[in-house]
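Report on the structure given below.
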Amino acid sequence: MKKTLLSTLTVFSAFALRACQVVLVEDSPGPRASYYDGDFEYAAHKGGIYTIVKGNPFGGSQKDFANLVRTKMKNQARAGRPVSFVGSRDNSTYKPYKVVVAFNPGNRDGDDLCQSQEYPQSTGNTTKVVMAFCFGDTLQSSSTGWVDGLNGVNDSKFTELVTETTNAMIPSQDGQDVGENGSIIN
């Protein structure tokens with residue numbers, strides 16, 4: 001009896017510890033009034049979208065970290081075509097569209113990030129990322145992801161956090177409840 005109880009507690013403990021490494025992603029609740037089906041595709045129709053990356057929960061070079069994040073984001077958004085997330089405006093981007101990625105931005109959300117990318121970085125065991133797709137200073141759509149206990153950028157959960165949050169940033173429906181190919185979503 002004692003051995004069975006101990007085994008059961010060990011199994012539950014293992015599940016609890018493993019659950020700490022689960023990546024949770026939330027997209028903004030739809031329908032989104034400012035997002036229209038095809039907005040992101042239009043914004044990235046030249047092949048790229050200007051992407052600002054702020055915050056670095058692991059220390060080191062911000063420039064290298066931002067480039068790594070943009071590389072992991074490449075082709076992860078629901079765009080129907082290859083899209084690169086680039087660090088400067090060039091002939092592959094279309095003004096005034098941009099994506100803002102913020103690591104550990106405290107209670108700032110996508111609306112805040114479209115207007116200003118400056119924030120005090122929060123600390124703790126949880127790594128949080130907020131992504132905002134913006135038309136100038138106006139939020140089109142956003143997503144938020146969390147994971148506990150990341151060891152660094154080489155942790156597979158870091159890649160999952162970035163790719164899944166990127167995918168959730170672009171909604172499957174717009175403010176008119178219209179999804180891909182003009183279908184009405186119930």
Side-chain angles (χ1 to χ4, degrees), residues 23-56 65-119 121-122 127-147 159-186:
V23 174
L24 300 173
V25 176
E26 171 186 88
D27 60 356
S28 301
R32 294 167 179 91
S34 61
Y35 181 83
Y36 293 95
D37 187 41
D39 276 352
F40 188 80
E41 291 88 341
Y42 181 71
H45 77 275
K46 293 182 176 182
I49 189 160
Y50 174 50
T51 305
I52 301 162
V53 178
K54 291 295 201 169
N56 181 347
F65 179 73
N67 287 335
L68 176 68
V69 169
R70 288 197 269 303
T71 298
K72 291 185 180 298
M73 292 174 72
K74 185 175 182 176
N75 300 329
Q76 296 302 314
R78 296 179 191 135
R81 70 178 71 170
V83 174
S84 294
F85 295 82
V86 297
S88 61
R89 294 194 189 276
D90 59 24
N91 56 354
S92 75
T93 63
Y94 191 63
K95 257 183 159 181
Y97 292 100
K98 66 185 175 190
V99 169
V100 180
V101 180
F103 284 86
N104 295 338
N107 61 358
R108 294 182 55 93
D109 63 13
D111 279 312
D112 298 325
L113 296 176
C114 287
Q115 296 172 22
S116 171
Q117 297 83 45
E118 301 307 317
Y119 60 88
Q121 190 171 346
S122 61
T127 302
K128 177 182 176 183
V129 63
V130 177
M131 295 186 183
F133 168 50
C134 313
F135 180 79
D137 291 343
T138 304
L139 178 68
Q140 300 297 102
S141 64
S142 66
S143 59
T144 305
W146 302 265
V147 67
T159 298
E160 185 179 344
L161 175 68
V162 172
T163 58
E164 293 298 318
T165 308
T166 304
N167 185 272
M169 177 180 56
I170 306 305
S172 60
Q173 70 185 41
D174 63 18
Q176 308 301 312
D177 287 337
V178 177
E180 293 296 318
N181 302 320
S183 59
I184 304 297
I185 299 176
N186 294 320

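FYI, side chains are in, hydrogens and waters are out, and symmetry mates aren't considered; it's all heavy atoms of this structure.
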Task: Least distance between heavy atoms, Cys134 atom then Gly136 atom - done: CB-O, 3.5 Å
TODO: Look only at the side chain of Lys128 and the backbone of Gly106, and say whether a donor-acceptor pair between them is shorter than 3.5 Å.
DONE: yes
- [ ] May I ask you to check whether over 12 heavy atoms, not counting those of Phe65, lie within 6.0 Å of atom CZ?
- [x] yes
Open item on the list: Run the side chain to side chain contact (heavy atoms under 4.5 Å, CB included) test on Val130 and Glu26 for me, step by step, so that the C-alpha distance in whole Å, both residues' side-chain angles and the decisive distance to 0.1 Å come before the verdict.
Closed with: CA-CA 10 Å; Val130 177; Glu26 171 186 88; over 6 Å; no
Open item on the list: Would you say that Ile170 contacts Ser141 through its side chain, given a criterion of any heavy-atom pair below 4.5 Å between the two side chains?
Closed with: yes
- [ ] Determine the interplanar angle of the Tyr97 and Phe133 rings, folded into 0 to 90°, and report it as parallel if under 30°, tilted if 30 to 60°, perpendicular if over 60°.
- [x] parallel
Task: Near-ring test Tyr50/Phe85, centroid separation under 6.0 angstrom - done: no
Open item on the list: Are Ile52 and Val101 packed together at the side-chain level, in the sense that at least one heavy-atom pair is separated by less than 4.5 angstrom?
Closed with: no
Open item on the list: Is the distance between the ring centroids of Tyr36 and Tyr42 under 6.0 Å?
Closed with: no
Open item on the list: We want to know whether Lys72 and Thr159 form a side-chain donor-acceptor pair, criterion being a heavy-atom distance below 3.5 angstrom.
Closed with: yes
Task: Side chains of Gln76 and Met169 in contact at under 4.5 Å (non-hydrogen atoms) - done: no
- [ ] Of all the heavy-atom pairs spanning Ala77 and Phe40, show the shortest one and how long it is.
- [x] CB-CE2, 3.7 Å
TODO: Applying side chain to side chain contact (heavy atoms under 4.5 Å, CB included), run through Val86 and Thr93 and close with a yes or a no.
DONE: CA-CA 8 Å; Val86 297; Thr93 63; 3.4 Å; yes
TODO: Quickly, which of Val25, Val147, Thr165, Val23 forms a side-chain contact (heavy atoms from CB on, under 4.5 Å) with Glu160? Name it, please.
DONE: Val23
Task: Minimum-distance pair of heavy atoms, taken over all atoms of His45 and Arg81 - done: CA-NH1, 3.2 Å
TODO: Please round to the nearest 0.5 Å and tell me the distance separating atom OH of Tyr119 and atom CG of Leu113.
DONE: 7.0 Å
Task: Approximate separation, where rounding is to 0.5 Å, of Thr144 OG1 and Met131 CE - done: 9.5 Å
Task: Test item: Lys46 and Asn91 side chains (from C-beta on) under 4.5 Å apart, heavy atoms - done: no
Task: side chain to side chain contact (heavy atoms under 4.5 Å, CB included) between Leu161 and Val129, intermediate numbers included - done: CA-CA 8 Å; Leu161 175 68; Val129 63; 3.8 Å; yes
Task: Sub-4.5 Å side-chain heavy-atom contact between Thr127 and Phe103 - done: yes
Task: Cys114 side chain reached by Thr138 side chain, heavy atoms, under 4.5 Å - done: no
TODO: Please answer whether the main-chain N or O of Ile49 pairs with a side-chain N or O of Thr51 as donor and acceptor at a distance below 3.5 Å.
DONE: yes
Open item on the list: Please give me the minimum heavy-atom distance between Arg108 and Glu118, naming the atom from each residue.
Closed with: CZ-O, 3.6 Å
Task: Atom pair CG (Asn75) and CG (Asn167), whose distance is rounded to the nearest 0.5 Å - done: 12.0 Å
Task: Derivation of the side-chain hydrogen bond (donor to acceptor under 3.5 Å, both in side chains) call for Asp90 and Ser88 - done: CA-CA 6 Å; Asp90 59 24; Ser88 61; 4.9 Å; no
Open item on the list: I'd like to know if the side chain of Asn104 reaches the main chain of Gln121, judged simply by a donor and an acceptor atom lying under 3.5 Å from each other, with no hydrogens or angles considered.
Closed with: no
Open item on the list: Are the side chains of Ser143 and Glu164 in contact, using a 4.5 Å heavy-atom criterion?
Closed with: no
- [ ] Hey, could you give me the OG1/CZ distance between Thr166 and Arg70, rounded to the nearest 0.5 Å?
- [x] 12.0 Å
- [ ] Apply the test side-chain hydrogen bond (donor to acceptor under 3.5 Å, both in side chains) to residues Asp39 and Gln140: give CA-CA distance (whole Å), side-chain angles for both, the deciding distance (0.1 Å), then the verdict.
- [x] CA-CA 8 Å; Asp39 276 352; Gln140 300 297 102; 2.9 Å; yes
